[in-house]
Number of protein chains: 2
Amino acid sequence: MNKKQVTTEHHHFPWDHPRFRSWIAVARACQLMQQALTRALAHLDVKPPHLDILINLYRFEGITQQELARKLLVGRSNMSMLLPQLEKRGLIERRGDERDKRILRLSLTSEGRTLTEEAMEIQTALIDKSLAADTIDECTVIAQSMERLITVLLKEDAEISEN
Amino acid sequence: MNKKQVTTEHHHFPWDHPRFRSWIAVARACQLMQQALTRALAHLDVKPPHLDILINLYRFEGITQQELARKLLVGRSNMSMLLPQLEKRGLIERRGDERDKRILRLSLTSEGRTLTEEAMEIQTALIDKSLAADTIDECTVIAQSMERLITVLLKEDAEISEN
DNA sequence: ACATAATTGTACAACGATGAACAAAAAGCA
DNA sequence: TGCTTTTTGTTCATCGTTGTACAATTATGT
């Protein structure tokens with residue numbers, strides 16, 4: 001009994017499948033992290049989607065709504081819903097471009113920048129605590145694996161959009 | 001210029017922070033995987049939340065709605081919305097427990113089991129393709145890291161719920 | 001036993017995300 | 001130049017998820 005009889009395992013059930021198990025863990029971890037981040041940011045009246053936007057404006061000043069939506073992997077209509085809210089709160093500015101009157105260039109106000117820095121510190125602290133048991137090497141393995149996966153799936157998306 | 005002047009890097013920006021970068025990649029990968037899975041399952045008229053339910057009923061026959069919600073990290077009301085849909089489609093059954101008349105015990109019908117097996121194969125194939133570049137060892141590193149993270153955050157949740 | 005608290009599932013209102021249809025502007029092309 | 005196509009952003013109807021309030025049932029404690 002219990003001897004290794006087969007070298008090519010057949011994985012009758014998905015949860016016996018190493019990649020499947022890994023991915024399930026990744027998905028659950030994401031869900032929990034999202035919930036934890038939502039609570040951690042609540043006192044700033046900022047939710048994860050808002051923070052995603054703010055961080056990208058922090059990095060890429062003058063980006064357009066379209067580019068922002070593409071980076072965040074959401075639809076343009078989503079930006080059309082969220083950005084006016086942030087604008088009314090005085091966190092961001094939307095200025096029309098002179099050369100191309102279709103596009104709106106986005107930037108943080110100084111209050112927006114301050115709030116973003118606060119929120120990023122909270123998020124960084126949460127991530128740090130959650131991954132505290134991992135070495136930097138392990139983090140690098142994870143990052144590279146996920147970036148490969150992102151590349152694979154984005155390439156597929158592009159091919160689908162081509163029709 | 002460009003000489004290494006500091007040995008203790010201070011990570012002025014989050015995106016220079018290894019753990020932060022790793023986590024951002026994880027989150028984006030999850031988003032893309034969710035979208036890809038939605039498309040891959042569309043022809044079965046099954047969406048990722050449905051599949052999550054079906055897989056858990058496949059593994060844990062006779063589970064209650066409460067337990068199911070806890071496993072899936074969603075609210076009970078969510079189950080109250082989704083399960084009747086699956087029941088009307090003849091994929092699952094809900095039977096009241098005799099000893100405790102509050103709870104409903106869930107199980108798959110034979111059609112539900114068949115559909116679940118089909119859908120799991122699709123999901124497994126997608127995961128396999130997406131993680132094809134990773135060795136089993138790398139997958140194990142990822143799974144262990146994520147499971148540690150899940151443990152950490154679940155423990156926090158429990159402490160918060162205690163009040 | 002009885003009253004109170006906790007658990008389980010449901011109903012509903014509120015919020016967020018999505019995709020399709022639309023208008024305005026720019027680019028491509030004859 | 002004029003016409004069509006593409007790009008950019010908005011609006012709106014729809015769907016999914018959440019949290020709260022509620023009813024029914026069970027557990028707890030005196």
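Bear in mind that the values here come from a model prediction, so they are computed numbers and not experimental data. The sequence lines fix the lettering, A, B, ..., with proteins before strands; numbering per chain opens at 1.
- Atom CD1 of A/I63 is separated from atom P of D/dT8 by 12 Å (rounded to the nearest Å).
- Scored by the salt bridge (charged side-chain N to carboxylate O under 4.0 Å, His left out) test, A/R94 finds A/E87 as partners (sequence neighbours excluded).
- Ranked by how close their nearest DNA chain C nucleotide is to the 5' end, B/T64 and A/M81 are led by B/T64.
- The two residues B/L68 and B/N56 have their closest heavy-atom pair at CD1-CB, 3.5 Å.
- Remark: A/E117 pairs with no residue by the salt bridge (charged side-chain N to carboxylate O under 4.0 Å, His left out) rule, at least two apart or across chains.
- Rounded to whole angstrom, the span from the CG atom of B/L73 across to the P atom of D/dT17 amounts to 13 Å.
- Atom CZ of A/R105 and atom P of D/dT8 are 10 Å apart (whole Å).
- Separating the OG atom in B/S22 from the CD1 atom in A/I136 is a distance of 8.0 Å, to the nearest 0.5 Å.
- Each of A/V152 and A/F20 belongs to its own hydrophobic cluster when Ile, Leu, Val, Met, Phe, Trp and Tyr are linked at side-chain heavy-atom distances under 4.5 angstrom.
- Partners of B/K129 under the side-chain hydrogen bond (donor to acceptor under 3.5 Å, both in side chains) rule, at least two apart in sequence or in another chain, are A/E156.
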Distance-only check: which donor-acceptor pairs under 3.5 Å involve side-chain atoms of residues 42-55 of chain A, not counting sequence neighbours?
residue : atom : partner : partner atom : Å
A/H50   : ND1  : A/K47   : N            : 3.2

Carefully, step by step, assess A/L106 and A/Q65 under the rule side-chain contact (heavy atoms from CB on, under 4.5 Å). CA-CA 7 Å; A/L106 308 171; A/Q65 295 192 188; 4.1 Å; yes
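- Pairs of residues two or more places apart, or lying in two chains, that qualify as salt bridge (charged side-chain N to carboxylate O under 4.0 Å, His left out) and include a residue from residues 104-114 of chain B are B/E61-B/R113, B/D97-B/R105.
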Letter by letter from the 5' end, nucleotides 2-7 of chain D scores (B base, S sugar-phosphate only, - none; protein heavy atoms under 4.0 Å) -----B
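- Geometrically, B/R21 does not engage B/W15 in a cation-pi contact, judged by NZ or CZ lying under 6.0 Å from the ring centre and within 45° of the ring axis.
- Each end of the helix from C/dA1-D/dT30 to C/dA30-D/dT1 gets its own axis, taken as the rotation carrying the C1' atoms of four end pairs onto the next four within a five-pair window, and the two axes meet at 30° to the nearest 10 degrees.
- Within residues 92-101 of chain A, the residues having any heavy atom closer than 4.0 Å to DNA chain C are, in order of number, A/R99, A/D100, A/K101.
- In this structure, CH2 in A/W23 is found 10.0 Å from CD in B/Q123, a value given to the nearest 0.5 Å.
- In terms of heavy-atom proximity, A/G75 sits nearest to A/A69 at O-CB, 3.9 Å.
- Using a 4.0 Å cutoff on non-hydrogen atoms, no part of residues 45-56 of chain A comes near DNA chain D.
- For DNA chain C, the contact window with chain A, defined by any atom under 4.0 Å from a protein heavy atom, covers C/dG16 to C/dA26 in 5' to 3' order.
- The side-chain hydrogen bond (donor to acceptor under 3.5 Å, both in side chains) search around B/Q34 returns none, not counting sequence neighbours.
- Here the shortest heavy-atom pairing between A/A25 and B/I150 reads O-CD1, 3.6 Å.
- In terms of hydrophobic clustering, with Ile, Leu, Val, Met, Phe, Trp and Tyr side chains grouped at heavy-atom distances under 4.5 Å, A/I63 and A/L104 are assigned to different clusters.
- Residue A/S77 is the one, among A/S77 and A/Q35, whose nearest nucleotide of DNA chain D lies closer to the 5' end (criterion: closest heavy atom).
- Nucleotide D/dT25 holds its C1' atom 15 Å from the CD atom of B/Q65, rounded to whole Å.
- With sequence neighbours excluded, no residue forms a salt bridge (charged side-chain N to carboxylate O under 4.0 Å, His left out) with B/E147.
- Comparing A/Q31 and A/L104 by the nucleotide of DNA chain D that holds the closest heavy atom to each, the one mapping nearer the 5' end is A/L104.
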